[in-house]
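Below, read A as the first sequence line, B as the second, and so on, with proteins coming before strands; counting in each chain starts at 1. Side chains included, hydrogens not; waters and symmetry mates left out as well; all remaining heavy atoms used.
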Amino acid sequence: MTDKSEKTEGSRPLNFIEEIVEREIRDNINNGRVHTRFPPEPNGYLHIGHAKAICLDFGMAQKYGGKCNLRFDDTNPIKEDVEYVDSIKEDIKWLGFDWEDREYYASDYFGKLFEFAVKLIKEGFAYVDDQSAEVISKQKGTPTEPGIESPYRNRSVQENLDLFYRMNEGEFPEGARVLRARVDMTSPNMHMRDPIIYRIILSPHHRTGSTWKVYPMYDFAHGQSDYFEGITNSLCTLEFEVHRPLYDWFVDHLKTDDYRPHQTEFNRLNLTYTVMSKRKLLQLVQEKRVNGWDDPRMPTLCGLRRRGFTPESIRSFVEKIGYTKVEALNDVALLEHSIREDLNKRAMRVSAVINPLKMIITNYPEGLVEEMTIENNPEDISAGERLVSFSREIYIEQDDFMEEPPAKFFRLGPGREVRLKGAYIVKCEGFKKNEVTGVIEEIYCTYDAQTRSGMPESNRKVKGTLHWVSVPHALDAEVRIYDRLFSVEEPMANKDVDFLEYLNPDSLKVLTNCKVEASLAGVKPYDLFQFQRIGYFNVDPDSTPQHLVFNRTVSLKDSWAKVKNK
RNA sequence: UGUCUCAUGGUGUAAUGGUAGCACAGAGGUUUUUGGUACCUUUAGUCUGGGUUCGAAUCCUUGUGAGACAACCA
């Protein structure tokens with residue numbers, strides 16, 4: 001009964017995590033509370049894969065009346081920096097989520113974690129190992145062979161305690177000693193073979209300075225931090241599945257009543273034609289294969305934002321791909337669909353000619369300018385209308401004229417008629433061609449004065465409608481045409497080929513001679529538009545009133561391109 | 001020669017023992033002053049073998065394939 005009502009409530013069926021949570025609520029596990037956390041490490045920029053996690057962590061809390069904490073997992077002072085903290089917070093807010101006053105850091109718990117380690121030592125569950133990293137690693141065995149016990153495994157509690165305190169006094173150099181949990185060296189799960197839980201790091205931490213000389217490892221910090229914060233559901237990606245027994249082992253030694261957090265793993269987001277690993281993204285930035293973390297070709301949230309993606313489109317995409325335990329490769333076409341779907345509803349339509357070809361309307365009076373009324377968005381009447389100047393000389397798209405057009409070409413060619421969007425029907429009477437280069441330099445048309453939009457004659461059927469910009473009114477603009485960063489679906493799939501080999505050489509084309517309508521004079525960075533018949537574009541932060549710069553977010557679907565390529 | 005996880009159209013997902021559905025992509029069409037949008041139609045799927053059952057994508061089992069795990073990273 002309850003099952004049914006819960007399922008029909010939403011517009012889609014529950015995913016497996018929602019099913020788990022609803023069962024827990026029903027069974028009053030953890031008093032029926034739902035409290036999640038998003039735990040980024042402040043060592044890089046967030047990408048769309050993180051967005052999938054953010055939407056789940058914050059989304060579950062929202063859906064079930066719970067809370068979601070933001071917790072920086074800052075247990076490694078060598079790799080982390082405050083620089084990243086701010087960008088991460090900005091990206092989460094931009095995506096549309098709010099952690100309110102619950103901004104935490106694993107480093108907030110260094111004291112409690114240290115005490116817990118001391119407790120484990122006293123109970124015989126942890127020991128100081130004096131061996132080198134290499135030796136410890138060797139003793140760990142392999143996935144198919146058991147490990148062997150360290151000669152230091154049975155040190156006295158007193159000695160362990162003494163050594164551990166002195167490790168934290170800075171008495172020993174980095175690497176000299178570690179603290180290990182005393183679990184099981186023969187466990188088939190490598191993570192249970194006496195994992196290292198504390199190591200000596202002498203570099204200062206970005207938040208705690210030089211207070212500490214020993215720092216907890218991820219496994220010794222994460223579950224415990226969840227516990228300290230009262231987290232109920234610790235949601236993470238599939239590769240942490242093998243860590244779960246250790247997560248539970250620590251929580252079991254920490255908990256004092258029925259409350260306990262537990263970990264559930266879901267599949268990562270992989271996208272075709274890109275890479276998602278922080279290391280690879282860093283490499284692209286460092287080797288200047290892209291222009292920084294916010295390069296519009298990057299799958300980072302700042303990159304997608306600069307490219308013109310909206311938070312709504314990203315959330316909608318994440319909603320569409322779902323959460324399962326199957327390792328998936330998501331088609332970037334679905335992301336593109338999500339942004340088109342969103343922008344179709346909200347983007348103002350404007351006229352921009354990115355590869356200009358001048359048209360002279362020979363029978364149009366010289367010096368005459370007419371103001372044409374054009375709707376701002378046919379999908380949204382409330383967006384209103386605007387006036388656009390029309391004159392004797394206009395720019396049209398080079399692609400909209402062919403000297404010898406094929407049958408299916410609905411645009412302009414010698415003797416053909418087309419409609420100029422919101423203006424007149426014109427007929428091509430001739431063109432000027434550079435005899436040396438073969439380039440069409442100008443085309444000459446006549447217009448039918450009775451076909452101005454709104455006049456009865458304007459209803460005449462013509463095959464095509466072109467966008468245009470009046471020459472004397474046009475604004476110059478730079479347009480950056482972005483395409484997929486890689487030319488293959490899975491740049492990492494072939495182990496014998498460096499992923500850089502698959503970089504798409506045409507992922508960025510800069511067009512500097514573009515002409516846009518005058519209404520674009522006052523645009524601000526991140527403003528969104530549809531360039532009529534071309535695609536969705538936004539204003540790049542590089543843009544100034546003197547030098548307009550637009551990024552192509554995504555092209556419009558182009559059924560002519562399909563016909564043409566047949 | 002380990003442990004854990006997974007396997008449904010091209011892709012991502014649903015169906016929780018009872019008509020294999022949805023979205024994207026593909027194909028075709030209608031409408032259209034965007035070759036856009038919207039709408040309609042359509043192609044295409046339960047990894048393999050066995051078992052339980054009136055009935056199996058679902059439960060049991062065999063095999064196959066894929067992934068994760070051997071950082072003093074997270």
Would you kindly check whether a donor in the side chain of [X] faces an acceptor in the base of [N], or vice versa, at under 3.5 angstrom?
X	N	result
A/Glu265	B/rU5	no
A/Arg340	B/rG36	no
A/His243	B/rA74	yes
A/Glu379	B/rG36	yes
A/Thr144	B/rU1	no

Output the rounded distance in Å from [atom1] ([X]) to [atom2] ([N]).
X	N	atom1	atom2	result
A/Asn189	B/rU3	CG	C1'	7 Å
A/Arg419	B/rU34	CZ	P	8 Å
A/Tyr323	B/rC6	OH	P	19 Å
A/Lys140	B/rG2	NZ	C1'	17 Å
A/Asp558	B/rA25	CG	P	14 Å

### Query
Watson-Crick or G-U wobble partner for B/rU31, using a 3.5 Å limit on both distances?
none

### Task
Identify the nucleotide, in any strand shown, that forms a Watson-Crick or G-U wobble pair with B/rU42, with both distances under 3.5 Å; if there is none, say none.
B/rG26

Distance between the [atom1] atoms of [N] and [M], in whole angstroms?
N	M	atom1	value
B/rG50	B/rA57	P	14 Å
B/rC60	B/rU43	P	34 Å
B/rU62	B/rC72	P	37 Å

### Query
How about A/Lys213 and A/Asn168: do any of their side-chain heavy atoms sit closer than 4.5 Å?
yes

### Under 3.5 Å donor-acceptor, A/Trp560 side chain and A/Phe409 backbone
no

### Query
Hey, does the side chain of A/Asp74 reach the backbone of A/Ser107 with a donor-acceptor pair shorter than 3.5 angstrom?
yes

#### Entry: Residue-phosphate contact under 4.0 Å: A/His337 side-chain N/O, B/rC24 OP1/OP2
yes

### Task
May I ask you to check whether A/Tyr198 and A/Phe220 place their ring centres under 6.0 Å from each other?
yes

So which nucleotide from [options] ends up closest to the side chain of [X]?
X	options	result
A/Pro378	B/rG36, B/rA74, B/rC69	B/rG36
A/Lys461	B/rC24, B/rU34, B/rU33	B/rU33
A/Ser458	B/rG12, B/rA74, B/rU33	B/rU33

### Query
Is the shortest distance from a Lys or Arg side-chain nitrogen in A/Glu336 or A/Arg484 to a carboxylate oxygen in the other one below 4.0 Å?
yes

